[in-house]
Amino acid sequence: MTTASTNRRFVRFLVLALVAVATACSGSSSSPTANLGDECQLKDAYKIAQVGATYIRCEIVAGTSIHSTDPNLTAKFVWIDTTEAQFVLANANNETLRIDGSSTVYPLTAVAAKYFETASKSVMGSKAARVTVGISGTGGGFEKFCKGETDISDASRAIKSSEAANCASAGIIYTEVIIANDGIAVVVNPKNTWATCLTMAEMKMIWEPTSTITKWSQVRAGFPDTAIKLYGAGTDSGTFDAFTEFVNGKGGVVRKEGVQTSEDDNVTVRGVTSDTGAMGYFGLSYAIENSGSVKAIQLDNGSGCTEPTEATVQAYTYPLARPLYIYVKDTSIATKPAVGAFVQFYVDNLRQISADALFVPLTDTQITTLQSEMAKIAALPRVSK
Amino acid sequence: MNSTLSTLTDLQPSGRKRRQQNFEKFVVAFLAIIAASGVLITTGIVVSLVKPTVQFFSEVNISEFLGSVQWYPLYNPPDFGVWPLVIATFVIMFIAVAIAVPGGLAIAFFLSQYASDRTRRILKPLLEILAGIPTVVFGFFALYFISPNIAAKVWPIGDVGIYSGLAAGITVGLMILPMMTTLAEDAMAAVPRSLIEGAYALGATKREVCTKVIFQAGLSGIIAAGVIAMSRAIGETTIVLLAAGSSAVFTFDPGQPMQTMASFIGFAGLGDQSTDSTGYRTIFAVGSLLFVITFALNVISRKIVKRFREVYE
Amino acid sequence: MSTALARSSRFEADLHDSTSTWRKSRDRIFLGVLWFATLLAVMTLFVLVLTSFLDGKSRLNMDLIRNFPSPFPQDAGIQSAIFGSLWVVVTSGVVSLFLALGSAIYLEEFANSKSKIHRLISLNIQTLAGVPSIVFGILGLAFVVRGPLSWGFSVGSASAVLTMMVLPVMIVAAREALRAVPSSLRDGAYALGATKWQTISKQVLSAATPGIATGSILGVSRALGESAPLILLGALAYVSSNPTGFDSDYTVLPLAIFKYATEAQLGFRAVGAAAIIVLLVLLVALNMIAILIRDRSRKSW
């Protein structure tokens with residue numbers, strides 16, 4: 001192969017690649033589906049498909065064709081803002097909302113962000129608000145939040161007093177919002193037929209710092225002599241903190257020997273599936289996603305064996321249930337209308353968002369609390385533009 | 001040569017020549033400043049590490065840090081003995097270097113003495129692509145391929161699980177291999193052709209030229225390359241984080257999960273704990289230790305390199 | 001004449017003995033070892049690419065490049081990650097090449113190799129080559145994102161930190177390249193009346209270009225593959241637009257790959273694997289540019 005022909009081939013490849021990239025970038029985004037309802041007041045041939053506190057979603061009536069150059073009119077559905085929200089969304093001019101924090105809460109917030117951006121784009125077009133989400137961890141997220149670098153902080157635990165003091169001294173006032181419930185599922189290998197329900201006392205026996213348990217037979221009489229292999233979440237994660245607090249009474253208190261910790265919950269899944277006597281724990285969404293290869297056990301803290309389900313986690317009857325939080329910066333709500341709009345949108349569509357992200361949604365009581373928090377947010381002064 | 005130059009400058013330089021000389025003085029100064037940027041970066045690293053490290057040692061006894069063999073900083077009650085991390089770092093480094101240095105030398109010999117032009121033209125780009133593969137990809141490669149197929153099957157001691165220092169070490173070695181090859185090749189290229197051709201003329205085989213001539217003559221460059229490979233192995237974060245787990249147990253057995261200093265920093269830095277806690281400040285303490293070790297390693301290696309450097313021409 | 005040759009009496013004996021079969025078998029064993037090592041490297045690359053391709057081929061379509069990150073596996077794309085990576089890598093590649101060349105030229109051509117400054121700088125560079133990437137993340141967070149520069153979580157900060165990370169390797173490679181230029185070339189130029197800088201800029205640099213090109217390939221490849229420090233520097237997991245300037249939010253391909261591989265939903269595994277393939281294609285493209293430069297400028301003595 002001569003250098004000249006190599007060069008020609010390379011140039012041809014480069015041109016093709018550039019053309020490919022150019023055509024790829026001119027694509028459009030997709031939109032979710034909705035159901036039928038009343039006729040939409042603001043636009044002909046549309047029916048109301050969803051009503052939220054700050055918007056109405058109108059869907060084009062099946063069989064209707066619209067001839068118009070206005071993209072909002074020819075879209076399959078349109079988000080129409082109402083009254084108070086009209087002010088908010090209409091002023092969300094090309095703003096960027098910055099969110100960072102826990103990687104546990106990330107899937108939920110990312111779904112909310114995706115839907116919100118779609119909504120904002122159909123109302124505002126090119127001036128749509130944008131959302132960015134990072135995964136620096138709950139602690140790292142709080143650090144950035146208290147420095148004013150982010151608008152919203154995702155957290156898998158409540159803010160610590162030292163972190164709250166940091167925020168206070170930096171003049172950052174925030175609103176704490178419980179956004180979802182999470183259960184920590186304890187899983188065993190599917191071939192494990194004996195441990196279908198463990199008491200919290202037995203869990204403590206296995207996982208406490210002074211534990212020397214190496215075989216299932218030491219846990220309960222009648223259990224076979226299989227060796228126990230323990231897999232845990234990374235010691236720097238909120239899941240680890242929550243699990244150790246629930247089982248042993250204090251965060252970070254757990255046996256040091258005999259546990260394989262992992263950053264990647266998918267690896268914990270692998271570990272549990274590879275060993276008959278293995279036991280591991282991680283967030284409920286991983287258990288749901290891998291329900292074919294691992295088995296979640298029931299836990300009994302005195303009121304009977306409870307399976308980790310949406311209902312038991314919501315009611316907090318499952319012993320290892322915990323809330324997930326977002327923290328919203330009050331000053332952002334005042335100066336960046338998109339922030340208030342986003343939080344409102346998040347809350348309004350929480351059921352859909354939680355279902356899509358495989359999270360357990362809030363109970364009605366929790367939503368009532370949420371509404372009062374939302375009212376507080378809505379009452380904050382706005383800066384008009 | 002010097003006398004010729006001084007004769008030249010003795011003559012009155014023309015205006016153009018003078019401007020050229022002034023320009024060159026400026027260039028030298030400019031370049032010196034650029035070169036000093038390396039020192040600036042190091043200073044920056046030291047400064048950003050010092051304050052939290054000092055704070056850490058006011059909270060944790062340095063005798064525990066250097067004396068204890070239990071490392072459980074995020075447990076309750078915490079243990080801050082750093083030795084499990086240090087041992088793990090060196091174990092994984094040895095495995096990686098054992099693969100990368102001989103391997104890199106071998107491939108470099110192959111490329112410089114044995115391979116045909118066509119082979120070289122195919123092989124070099126392949127190696128460069130291997131060098132460019134992100135550490136994340138190598139990490140998952142270690143976890144999903146090396147660990148079950150190689151580490152678990154090869155290691156005789158004990159029960160090798162999903163995470164092992166061995167899987168991480170092998171993968172780090174494979175990752176550094178192309179870099180070692182390139183640097184070794186550069187060192188070999190610096191050996192003057194006259195030496196090599198002289199050896200061939202004397203009837204040496206290719207092997208003998210490689211092992212007796214090139215290796216000896218290029219030794220200083222090869223050692224320098226090896227030291228860079230060692231430093232890179234010590235500092236590798238992502239692969240070890242993904243493949244060796246996060247259990248910092250005091251052991252010399254690479255079949256067990258291990259946590260090195262670098263992977264601990266990565267692990268703790270990206271976690272959920274508060275940035276204002278002693279647990280978080282362990283990052284800086286371990287980071288300082290890592291920096292000191294790397295520095296010491298480099299100082300020692302420079303002395304060795306100086307001993308072996310042979311100057312030609 | 002080097003003492004290296006004289007050191008081995010076995011070697012001398014071998015030279016006189018052209019019929020020994022033991023000598024020939026050593027030759028063959030040696031060659032076998034070399035082939036083994038080479039095959040090891042090639043097989044590693046092959047397995048990596050193959051497993052990624054098999055896992056990701058279901059998602060290798062235009063949608064992958066066209067779409068932005070999405071919490072839904074079937075929708076997820078990596079457009080913002082591709083452009084983010086390009087912005088960050090090209091910037092840090094260019095800047096670090098400039099800085100590396102400057103430093104290498106100074107150290108090799110101008111500075112007295114025995115001086116304290118020279119030794120200090122050299123030692124610094126060598127140490128920096130081994131500093132774990134995450135420490136650069138901490139450094140960047142303290143001095144570039146916040147602190148004196150305060151560039152925030154932007155493409156500019158990422159480029160600055162990656163430049164610092166990549167610089168040591170590039171400097172080492174550039175120095176080796178400059179050292180490999182025979183001094184006969186320089187001496188000839190001086191004899192013809194050229195000044196030092198003229199010699200360097202017109203003769204030495206062009207002669208050292210192949211080695212420098214190799215060094216920049218190594219550096220750029222490393223920059224393309226980093227993820228952990230960038231998380232600290234604000235590389236996002238979810239961002240739905242491409243960077244428009246050095247102050248833009250961004251994400252990079254390795255981070256996207258990491259995120260997709262650790263998600264609960266199994267559908268993301270294929271997206272991550274497909275993203276690996278895209279990253280490799282990008283890598284090959286960047287390498288080919290550098291190889292072109294290297295081949296064009298390669299001279300033999």
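The figures here come from the full heavy-atom set of this structure, side chains too, leaving out hydrogens, waters and symmetry mates. This one's a predicted model, so the numbers in the text were calculated from it and none came from an experiment. Each chain gets a letter, A, B and so on, in the order the sequences are listed, and its residues count up from 1.
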Exam field: side chain [X] to backbone [Y], donor-acceptor pair closer than 3.5 Å:
X: S52(C); Y: L48(C); answer: yes
X: T89(B); Y: M261(B); answer: yes
X: Y114(B); Y: R207(B); answer: yes
X: S183(C); Y: R186(C); answer: no
X: R120(B); Y: L111(B); answer: yes

Winner by heavy-atom pair count (cut-off under 4.5 Å) against chain B, out of [options]:
options: G225(C), S103(C), S122(C); result: S103(C)
options: L280(C), I125(C), I257(C), I121(C); result: I121(C)
options: L107(C), L128(C), V42(C), L99(C); result: L128(C)
options: A104(C), G137(C), A37(C); result: A37(C)

Test side chain to side chain contact (heavy atoms under 4.5 Å, CB included) on F143(C) and V47(B); report intermediate values, then the result. CA-CA 10 Å; F143(C) 287 113; V47(B) 168; 3.7 Å; yes
Against chain C, work out which of [options] has the most heavy-atom pairs shorter than 4.5 Å and name it.
options: V137(B), T238(B), T135(B); result: V137(B)
options: D186(B), T205(B), T182(B), T181(B); result: T205(B)
options: S231(B), A36(B), A189(B), A233(B); result: S231(B)
options: L219(B), L290(B), I99(B), I41(B); result: I41(B)
options: Y144(B), F138(B), F110(B); result: F110(B)
options: T43(B), I133(B), I234(B), L49(B); result: I133(B)

Interface moiety of [X] toward chain C, non-hydrogen atoms closer than 4.5 Å:
X: L183(B); value: side chain
X: F30(B); value: side chain
X: V28(B); value: both
X: L242(B); value: side chain
X: A131(B); value: both
X: F140(B); value: side chain
X: S194(B); value: neither
X: I228(B); value: side chain
X: V227(B); value: side chain
X: E128(B); value: both

Using heavy-atom distances under 4.5 Å, tell me whether V172(C) contacts chain B through its side chain, its backbone, both, or neither. side chain
Contact origin within L279(C) toward chain B - heavy atom pairs under 4.5 Å: side chain
Is V144(C) close to M164(C) at the side-chain level, that is, under 4.5 Å between some pair of heavy atoms? yes
Would you say the side chain of V46(B) lies within less than 4.5 Å of the side chain of F291(B), judging by non-hydrogen atoms? yes
What distance do [X] atom [atom1] and [Y] atom [atom2] have between them, rounded to the nearest 0.5 Å?
X: S216(C); Y: L101(C); atom1: OG; atom2: CG; value: 8.0 Å
X: E226(C); Y: F136(C); atom1: CD; atom2: CZ; value: 9.5 Å
X: L282(C); Y: S85(C); atom1: CG; atom2: OG; value: 7.0 Å

Sidechain N-carboxylate O distance under 4.0 Å for R26(C), E208(B): no
Between F141(B) and I239(B), does the side chain to side chain contact (heavy atoms under 4.5 Å, CB included) criterion hold? Intermediate values first, please. CA-CA 9 Å; F141(B) 175 68; I239(B) 297 180; over 6 Å; no
